[in-house]
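Just so you know, these numbers use all the heavy atoms, side chains as well, and skip hydrogens, waters and symmetry mates. Quick caveat, the model's predicted, so the values are computed rather than measured.
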Amino acid sequence: MSSSPAGGGGQGNDPRQPWTAKPYVPPPVSPQDLPFDYPGFIAVIFGIIGLMFRYKLGSWLAIIFCAQALANMRNIETDLKQITMAFM
């Protein structure tokens with residue numbers, strides 16, 4: 001009995017060709033074409049609401065949306081100093 005699904009006798013009958021496989025390279029995207037950062041914008045709005053109207057819920061929501069915006073950052077060049085300054 002053969003263990004391969006195609007019914008071949010072993011490695012010689014493998015229809016896959018590993019030498020033709022190419023690694024995925026994402027297409028380059030300019031900064032102007034990136035989608036709008038909605039969690040960051042919502043964090044600013046809730047931060048202003050929490051500061052101006054003294055709503056604790058607004059301040060907490062601003063912190064949560066700020067954390068979400070930082071977690072979804074796609075720029076690899078951001079360093080730890082920039083991320084910590086965003087929370088302050």
Can you hop from I42 to Y55 via hydrophobic side chains spaced under 4.5 Å? yes
Shared ILVMFWY cluster between Y38 and I64, side chains joined below 4.5 angstrom? no
With clusters defined by side-chain heavy atoms of hydrophobic residues (ILVMFWY) lying less than 4.5 Å apart, directly or transitively, does F65 cluster with F53? yes
Of the non-hydrogen atoms in G50 and S59, which two are nearest, and what is the gap between them? CA-OG, 3.6 Å
For A62, what residues pass the side chain to side chain contact (heavy atoms under 4.5 Å, CB included) criterion, not counting sequence neighbours? F46
Side chain to side chain contact (heavy atoms under 4.5 Å, CB included) filter on I45, not counting sequence neighbours, yields F41, I49
